[in-house]
Amino acid sequence: MTTHPLADPDIRESFLSSPDRILEDTELMRALAGAADALRGDNVIDMRAIAMDRLEARLDRLEDTHRTVIAAAYENLAGTNMIHRATLALMEPRTLTDFLATLSGPVAEILRVESLRLLLEAGPGAPRTDALDLADPGDVALHAGSGRDGAPRRVTLRQVAGGAAAIHGAAAAYISSEACLRLDMGTGQSPGLLVMGSRDPQQFAPGQGTDLLDYFAGMVERALGRLL
């Protein structure tokens, strides 16, 4: 003969002394609610049970939102740290040549991009390096694009099926997304453009925030202005 577990005084005392243990067990509570529904029959509607189901669904959505917000916060913090490290690296060079070498080397590694090039609309005689390319007047605005009001964008993010070889060089075939940062070199100076290319199509996608890249563009402007 099988004895019901609740006939054991110790088990009953355990449940009665700590009922919260039952309430915290989701599967057990769902089983109890299901048993109660079966006892009521089909002609009885339990409004409290319906309300609980809706509250449970809302709680699930809130938990999903919470996880999404936490993930976005960590991602934003990681992006901020990355931009700060890149900015500190650009403060060290004392010559334009060293600045360009740092830009295409350590800074590109910090930002985790396959290509990082600087375009300046300049005349003959300007230095040429792996990180610097000379552009014809109007090329910066053409590549950077413009907003809905026709004004040049400060930061443009887009996904591409391979980058322009004239900008990304040997890495062009692997570029799946790029960020174009328009640089204001000051009154009377031609504009510049910093182009980052990544093989990850989601690294620079339309709709992403651009505050950090806007800040980084400002730091590049100041560093270049000091060296030029």
Side-chain angles (χ1 to χ4, degrees), residues 76 79-160 163-164 166-169 171-172 175 177-198 203-228:
N76 186 62
T80 300
N81 291 336
M82 188 182 300
I83 292 295
H84 285 171
R85 288 172 55 207
T87 299
L88 290 174
L90 288 179
M91 294 175 64
E92 297 181 1
R94 293 292 180 264
T95 66
L96 180 60
T97 301
D98 290 342
F99 176 85
L100 296 175
T102 301
L103 195 64
S104 61
V107 171
E109 293 178 3
I110 292 172
L111 298 178
R112 300 174 185 174
V113 294
E114 278 66 47
S115 170
L116 199 163
R117 291 188 66 85
L118 176 63
L119 282 71
L120 293 178
E121 292 184 0
R128 288 178 178 271
T129 73
D130 290 339
L132 174 64
D133 193 15
L134 303 182
D136 295 328
D139 282 356
V140 166
L142 182 63
H143 192 76
S146 57
R148 294 180 180 178
D149 58 355
R153 289 194 188 101
R154 171 67 157 177
V155 178
T156 299
L157 306 179
R158 56 177 166 239
Q159 295 167 316
V160 296
I167 295 176
H168 298 287
I175 301 302
S177 66
E178 64 179 14
C180 302
L181 283 58
R182 184 182 175 89
L183 306 178
D184 183 357
M185 304 310 299
T187 305
Q189 299 294 324
S190 298
L193 189 69
L194 189 66
V195 184
M196 305 178 190
S198 171
Q203 184 162 349
F204 304 117
Q208 294 177 346
T210 60
D211 291 348
L212 289 175
L213 291 176
D214 192 356
Y215 164 81
F216 185 65
M219 296 305 299
V220 173
E221 287 172 349
R222 287 167 176 78
L224 271 177
R226 173 173 53 87
L227 297 174
L228 291 175

*Asks:* Would you list the pairs meeting side chain to side chain donor-acceptor pair (under 3.5 Å) in which at least one residue belongs to residues 211-228, sequence neighbours left out?
*Replies:*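 Matches after skipping sequence neighbours: Arg154-Asp214, Arg154-Glu221.
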*Asks:* Just wondering, do Asp184 and Arg182 contact through their side chains at under 4.5 Å, heavy atoms?
*Replies:*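 No; the side chains remain at least 4.5 Å from each other.
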*Asks:* Considering residues, nucleotides and ligands other than Arg112, do more than 12 of their heavy atoms fall under 6.0 Å from its CZ?
*Replies:*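 No - once you tally the heavy atoms of other residues, nucleotides and ligands closer than 6.0 Å, there are 12 at most.
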*Asks:* So which atom in Phe204 and which in Ser198 form the shortest heavy-atom distance, rounded to 0.1 Å?
*Replies:*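 Where Phe204 meets Ser198 most closely, the heavy atoms are CE1-CB, 4.0 Å.
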*Asks:* In Å and rounded to the nearest 0.5 Å, what is the NE2 to CD1 distance from His84 to Ile110?
*Replies:*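 Going from the NE2 atom of His84 to the CD1 atom of Ile110 covers 12.5 Å.
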*Asks:* Tell me, do Leu183 and Leu224 make a side-chain contact under 4.5 Å, heavy atoms counted?
*Replies:*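 They are in contact (side-chain heavy atoms under 4.5 Å apart), so the answer is yes.
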*Asks:* Work out which heavy atom in Gly209 is nearest to a heavy atom in Leu157; give both atom names and the distance.
*Replies:*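 Looks like O-CD1, 4.4 Å.
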*Asks:* Work out which heavy atom in Ala101 is nearest to a heavy atom in Pro106; give both atom names and the distance.
*Replies:*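 Nearest pair, atom of Ala101 first, then Pro106: O-CD, 3.8 Å.
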*Asks:* What are the two closest heavy atoms between Ala179 and Leu213, and how far apart are they?
*Replies:*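 Nearest heavy atoms, Ala179 then Leu213: CB-CD1, 4.1 Å.
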*Asks:* Hey, does Phe99 have a side-chain heavy atom less than 4.5 Å from the side chain of Val220?
*Replies:*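 In contact.
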*Asks:* For residues 86-96, tabulate all N or O donor-acceptor pairs below 3.5 Å that involve a side-chain atom, not counting sequence neighbours.
*Replies:*
unit_1: Thr87; atom_1: OG1; unit_2: Ile83; atom_2: O; d: 2.8
unit_1: Arg94; atom_1: NH1; unit_2: Met91; atom_2: O; d: 3.0
unit_1: Arg94; atom_1: NH1; unit_2: Glu92; atom_2: O; d: 2.9
unit_1: Thr95; atom_1: OG1; unit_2: Asp98; atom_2: N; d: 3.2
unit_1: Thr95; atom_1: OG1; unit_2: Asp98; atom_2: OD2; d: 3.2

*Asks:* Check whether any side-chain heavy atom of Cys180 lies under 4.5 Å from a side-chain heavy atom of Arg158, and answer yes or no.
*Replies:*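 Yes - at least one pair of side-chain heavy atoms lies under 4.5 Å apart.
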*Asks:* Using the side-chain hydrogen bond (donor to acceptor under 3.5 Å, both in side chains) criterion, which residues pair with Thr102? Sequence neighbours excluded.
*Replies:*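 If we apply the side-chain hydrogen bond (donor to acceptor under 3.5 Å, both in side chains) test to Thr102, skipping adjacent residues, there are no hits.
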*Asks:* Minimum heavy-atom separation for Met82 and Leu111, please, with both atom names.
*Replies:*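 For Met82 versus Leu111, the nearest heavy atoms are SD-CA, 3.7 Å.
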*Asks:* Using 0.5 Å steps for rounding, measure from the CG atom of Leu118 to the CG atom of Leu181.
*Replies:*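 Separation between the atoms: 10.5 Å.
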*Asks:* Sort out for me which residue in Gln159, Gln203, His168 forms a side chain to side chain donor-acceptor pair (under 3.5 Å) with Glu178.
*Replies:*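 So, applying the side chain to side chain donor-acceptor pair (under 3.5 Å) to Glu178 and each of Gln159, Gln203, His168, only His168 qualifies.
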